[in-house]
A.B. asks: 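The structure under discussion is supplied below as structure tokens; questions concerning it will follow.
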2 protein chains.
Amino acid sequence: MPRSPAKTPRKSARRPLFEPLEQQPAYGRVAAAIEQKILARSLRPGDPLPSETELARQFAVNRSTVREAVRRLESAGLVGRAAGSKRLRVTRPGHAATASSMSRALTLDDVTFIDLWEAMLAIAPRTAALAAAHARPENLERLALCIQTVETARGSEAAVAGVVDFFGSLAATSSNRVLILAMQPVTRLLAPSLRRMIDRVPQGRSRIVVAQRCIVEALRKGDANEAQSWMTRHVQDFRRGYEIAGISLDTRAGDA
Amino acid sequence: MPRSPAKTPRKSARRPLFEPLEQQPAYGRVAAAIEQKILARSLRPGDPLPSETELARQFAVNRSTVREAVRRLESAGLVGRAAGSKRLRVTRPGHAATASSMSRALTLDDVTFIDLWEAMLAIAPRTAALAAAHARPENLERLALCIQTVETARGSEAAVAGVVDFFGSLAATSSNRVLILAMQPVTRLLAPSLRRMIDRVPQGRSRIVVAQRCIVEALRKGDANEAQSWMTRHVQDFRRGYEIAGISLDTRAGDA
DNA sequence: ATCATCCGATTGTCGGACAATATACTGGAC
DNA sequence: GTCCAGTATATTGTCCGACAATCGGATGAT
């Protein structure tokens with residue numbers, strides 16, 4: 001901190017009389033204004049936004065300016081439009097949007113497999129334990145479906161999608177919003193390497209299926225401890241699979 | 001899941017011959033193209049982007065379209081401009097940006113304290129364990145500084161900032177990029193309630209200091225197990241503090 | 001009530017314009 | 001030769017107007 005090495009010769013050095021008045025471009029201010037309304041829940045998810053022309057009128061700026069502002073919110077996931085619809089609506093940043101932004105950040109951060117694996121080892125077992133406490137029949141059904149996908153999928157791509165889906169569904173079962181959010185980018189980034197692993201290690205897939213079956217069984221019994229310990233073993237198994245497949249653990253998890 | 005109650009009358013139901021060809025607006029495709037170049041590291045942080053006019057020429061679209069695309073990337077934190085500069089440059093999405101976007105998502109998701117606390121219980125202990133393996137003198141020094149801040153800070157606000165900083169520094173010490181990223185929004189959202197807790201529970205602050213000292217001591221010894229178990233106790237202590245302070249665990253962690 | 005049809009509203013994209021100013025260049029002072 | 005001031009150019013922020021495509025809703029027919 002190069003804050004005050006000198007002896008503050010003048011008051012103005014410590015605390016300038018005027019601070020640089022923030023001069024944000026108009027599109028930024030418009031975006032901020034709308035964002036604030038959303039954050040304050042004055043605009044709630046599902047609510048339609050006024051038309052661009054109307055917004056331009058209300059903010060007294062040009063429609064182009066409004067559009068630029070809207071693009072920002074759109075990218076932040078605060079607004080969006082239903083498929084094949086024209087009207088913009090307020091949306092809570094769908095987990096998809098946030099997760100992909102996290103994935104991007106991690107990718108650019110040169111995250112490695114070992115980072116991802118360790119994160120997985122941290123969150124997945126607790127997630128399983130929580131899921132055991134909250135599991136309802138439809139959750140179990142969904143998880144079983146995921147496992148079946150892994151087991152019967154012809155290509156490795158579909159199998160991996162099944163595994164990713166299993167973890168996502170497990171997080172959903174835990175009904176912990178933080179874990180749901182955190183799980184997504186990790187599994188997504190892990191997916192490509194997992195696919196390679198399944199391709200190279202013949203018994204990999206069946207080991208996954210067995211472990212996941214055990215986890216689901218523990219959930220059915222509502223046994224948090226067992227779910228947690230099975231999940232720990234499951235995740236550790238992944239690592240062994242990587243090693244057998246000869247995938248170096250400190251390679252970057254570049255997404256593409 | 002109303003997926004296949006019927007008996008899949010035709011092949012086309014299982015696997016449509018044609019999938020809906022993605023028809024993204026031009027600004028979306030432009031943004032995607034630039035994003036891909038950045039993700040693929042063909043454009044690296046610090047590199048300047050061509051001017052809007054030039055981009056418009058290259059993509060063969062109007063400048064307005066390019067601008068909308070750029071707003072998107074800007075909001076995603078993939079590009080930005082240095083203060084008082086005109087030229088756009090590629091920037092990796094700083095953790096600050098990503099973390100705040102995650103906080104926003106969680107806030108709008110009506111995340112509760114219990115969610116946050118459980119997430120904390122999942123990731124903090126493992127983070128501590130990893131930190132024990134990677135701790136270097138400067139890390140320990142920094143952590144000690146955080147603890148001192150907590151101990152000596154006059155107001156509760158500064159003390160809470162110290163606690164948040166402690167966890168952030170711990171994550172940094174673990175050098176796991178995923179955990180670093182995940183830790184930030186959780187602590188940030190936990191902060192306001194933590195402050196109330198410290199305000200209401202007199203002995204809260206000293207308990208925190210004691211626990212954190214033990215954790216740092218474990219790190220110094222490189223004892224991962226001890227670090228992990230102390231951290232577990234530390235986090236569980238938080239919960240007890242909340243209960244003593246009479247803060248309901250399932251209130252929303254609204255940010256503001 | 002259900003469905004097809006039509007019209008207005010809205011979005012996506014384009015072209016051009018202009019003020020403010022950051023950046024690059026040019027020439028002079030040392 | 002280097003450094004600075006002053007000018008010229010490029011670039012951004014914002015505006016205006018226009019038009020095709022198409023979505024949403026009203027209208028009318030069955």
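Computed from a prediction, not measured in an experiment: that's the story for all the values here. Just so it is clear, the values below take in all heavy atoms, side chains as well, and ignore hydrogens, waters and symmetry mates.
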A.B. asks: Taking only side-chain N and O atoms of R87(A), does any of them lie within less than 4.0 angstrom of OP1 or OP2 on dG24(D)?
C.D. replies: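 It does not, given that no N or O in the side chain of R87(A) lies less than 4.0 Å from OP1 or OP2 of dG24(D).
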A.B. asks: When you look at CZ of R44(A), are more than 12 heavy atoms from neighbouring residues, nucleotides or ligands closer to it than 6.0 Å?
C.D. replies: no
A.B. asks: Has the side chain of D109(B) got a donor or acceptor atom that lies under 3.5 Å from a matching backbone atom of V111(B)?
C.D. replies: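 Not at all, since once roles are kept as given, no pair shorter than 3.5 Å links the two residues.
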A.B. asks: State plainly whether the residues E35(B) and R72(B) are in salt-bridge range, i.e. N to O under 4.0 Å.
C.D. replies: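 Answer for the salt bridge query: no.
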A.B. asks: Check this one for me: any side-chain N or O of R67(B) less than 4.0 Å away from OP1 or OP2 of dT13(C)?
C.D. replies: no
A.B. asks: Are Y27(A) and dG13(D) close enough that a side-chain N or O sits under 4.0 Å from OP1 or OP2?
C.D. replies: yes
A.B. asks: Given dG12(C), is OP1 or OP2 found less than 4.0 Å from the side-chain N or O atoms of R81(A)?
C.D. replies: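 Yes.
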A.B. asks: Between R71(A) and E68(A), does any NZ, NE, NH1 or NH2 come within less than 4.0 Å of an OD or OE carboxylate oxygen?
C.D. replies: no
A.B. asks: Between R142(B) and D165(B), is there a side-chain N and carboxylate O pair less than 4.0 Å apart?
C.D. replies: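 A salt bridge is present here (some side-chain N lies under 4.0 Å from a carboxylate O).
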A.B. asks: Rounded off to whole Å, could you give me the CD-to-P distance for the E68(A) and dT11(C) pair?
C.D. replies: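 That distance rounds to 16 Å.
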A.B. asks: With a 4.0 Å cutoff (strictly under), does any side-chain N or O of R29(B) reach OP1 or OP2 of dG12(C)?
C.D. replies: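 Result: no.
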A.B. asks: Looking at R81(B) and E74(B), is there a salt bridge between them, counting it only when a charged N and a carboxylate O are closer than 4.0 Å?
C.D. replies: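 Between R81(B) and E74(B) there is a salt bridge, with a charged N closer than 4.0 Å to a carboxylate O.
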A.B. asks: At a heavy-atom distance below 4.0 Å, what parts of residues 53-65 of chain B sit against DNA chain D?
C.D. replies: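 Those residues whose heavy atoms fall under 4.0 Å from DNA chain D, taken from residues 53-65 of chain B in numerical order, are R63(B).
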A.B. asks: If you only use heavy atoms from C-beta on, which nucleotide in dG13(D), dG24(D), dT21(C) is closest to the side chain of K86(B)?
C.D. replies: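 The answer is dT21(C), which lies nearest to the side chain.
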A.B. asks: Measure CG/L88(A) against C1'/dG12(C) and give the value in whole Å, please.
C.D. replies: 12 Å
